[in-house]
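To keep things clear, I will list the structure first and then write my remarks on it.
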2 protein chains.
Amino acid sequence: MFALHTRQYLLMTKAETTRLGILQKAFGLIYRNGYQATSIDDILVDSPVTKGAFFYHFKNKEEMGLAMIQEIMYPGMYDVMIKPLAGSANPVQEIHLMMTNLFLKVPFFEVKYGCPAVNLIDEMAPLNAAFHKALGKLITEWQQAMETSLGNGKAAGIVRADVDPKQVSCFIAAGYSGIRNMGKLLGTPCYTSYLHELKNYLTRLQ
Amino acid sequence: MFALHTRQYLLMTKAETTRLGILQKAFGLIYRNGYQATSIDDILVDSPVTKGAFFYHFKNKEEMGLAMIQEIMYPGMYDVMIKPLAGSANPVQEIHLMMTNLFLKVPFFEVKYGCPAVNLIDEMAPLNAAFHKALGKLITEWQQAMETSLGNGKAAGIVRADVDPKQVSCFIAAGYSGIRNMGKLLGTPCYTSYLHELKNYLTRLQ
DNA sequence: AACTAAACATACTAACCAGTATGTTTGCAT
DNA sequence: ATGCAAACATACTGGTTAGTATGTTTAGTT
């Protein structure tokens, strides 16, 4: 996850490499410490990039943050959270599999630090309209993907007719976001506990 | 919610009033802007309290933050989240009622800014051990209360025998925490949507 | 080789921050 | 009323912050 989605390093110009390097370093720090608590100087420490280069590539810190969401976070989350749901035969199974992978198979994520997207929503959505919009796109598309998947399940007769896909996808997304938060306090055990109960919940939709 | 739980103003010494005033002002600002983004100067702006008074009552910013959790947040949450669950006849009903009140009847909370406890967990749990501990107490006790309530429900035959109270209370707490996060992006509609699906989920536990 | 714009590098600034040093006022016991 | 500690008030400090001003290097074109 959060691998390169632009062209490979070898095919990139030097300028593109520095820009991407800034975004990746920023992403790592912001994930652990938060956006506001991460200074530009922090991003440049132990890095060949200087402040001049930073402000050549980005007008200000906010513009860098938005680029980070769109160019690092969005592609990364798309691969693990949205792509696996496309064209699924059994939504109940696929959603649970996607979640299991998300919690246990993404090496970058650390329980202690939760989910980068959830963190950024919590911190920045109320404070900055541009961040609000960019982050809204992330979770809306995820919810859409689950909603469509559940709709397909209903059409195929796998999912019960009285299930409201929009409502259920919202409920599931909330569970994910929340357990990422609680994991910061309770550690991995609550992940597995959550996944078990999610399984129960999903099964009862069939 | 978040009313006084110490003795009334009239019975308080001037010093106690100042101290409490600082904590309440800090709570309001930290709720909206975050702990790290709220400076001590911010807390003292438009206030009769000066910096000298602040550092007379608190050793440093961290100590004030911890006092805020214990003296403002904990009592406030106890009243709305834990007390209503004690000695409940029907846990399924009581939990849903508690949540409904929590989302729609607490005037202090604003959708845009989520839940103060969830916010603080997200920001501070990974960064500060003392905050981690104080906040852990909050949600652990809440989970405990729900767990006990569900256990009683099982004993009374209202809740199904195959329900795992600990697992379910974790699942429910995660849902709450998560929808507070999502509400920052999607507004009140997702609150009602969540409450409906929570009702469905809880009903299936009977 | 010469020119030029892109891509940096260095040094600085004004504002802000938590915390301190040092002073003054207030309330209360005697 | 006087003494004295509690409860402040004011002025400062050293470090950090986003951003700027200004200079230098690099790479591609002609």
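To find a chain, count down the sequence lines: A is the first, B the second, and so on, and within it residues start at 1.
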- Hey, which sits more toward the 5' end of DNA chain D by its nearest nucleotide, B/P48 or A/A37? B/P48
- Task: Considering just the side-chain nitrogens and oxygens of B/T18, establish if one lies under 4.0 Å of OP1 or OP2 belonging to D/dC8.
- Result: yes
- Query: Under 4.0 Å between a side-chain N/O of A/S39 and OP1 or OP2 of D/dT17, yes or no?
  - Reply: yes
- Roughly how many Å is it from CZ in A/F54 to P in D/dA18, rounded to a whole number? 8 Å
- Aromatic centroids of A/W142 and A/Y176 separated by under 6.0 Å: yes
- Query: Of all the nucleotides listed (D/dA9, C/dA18, C/dC17), which has the minimum atom distance to the side chain of B/T50?
  - Reply: D/dA9
- Whole angstrom is fine here: how far is it from CD1 in B/I43 over to P in C/dC16? 17 Å
- Salt-bridge present (A/D42, A/K25; N to O < 4.0 Å): no
- Using atom NZ of A/K59 as one end and atom P of D/dA18 as the other, report the distance to the nearest whole Å. 16 Å
- Query: Expressed in angstrom and rounded to an integer, what is the separation of B/Y35 atom OH from C/dA18 atom P?
  - Reply: 8 Å
- Task: Please report, rounded to the nearest Å, how far the C1' atom of D/dT16 is from the CD atom of A/Q36.
- Result: 15 Å
- Nearest-angstrom distance from the residue atom CD of B/E63 to C1' of C/dG19: 13 Å
- Taking the side chain of B/K51 as its heavy atoms from C-beta onward, which of C/dC8, D/dT20, D/dA11 lies nearest to it? D/dA11
- Item | A/F108 and A/F27 aromatic centres sub-6.0 Å | yes
- Query: Whole Å only: how far is the CZ atom of B/F55 from the P atom of C/dT22?
  - Reply: 17 Å
- Nearest to the side chain of A/Y56 - C/dA7, D/dA9, C/dC17? C/dA7
- Between B/F55 and B/K61, is there a cation-pi geometry (under 6.0 Å to ring centre, at most 45° from the normal)? no
- Query: For C/dC8, does either OP1 or OP2 sit under 4.0 Å from a side-chain N or O belonging to A/H57?
  - Reply: yes
- Tell me, with the steps shown, if A/K184 and A/N119 meet side-chain hydrogen bond (donor to acceptor under 3.5 Å, both in side chains). CA-CA 11 Å; A/K184 293 183 179 188; A/N119 295 354; 3.0 Å; yes
- Message: In whole Å, I'd like the distance from the NZ atom of A/K61 to the P atom of D/dG19.
- Response: 8 Å
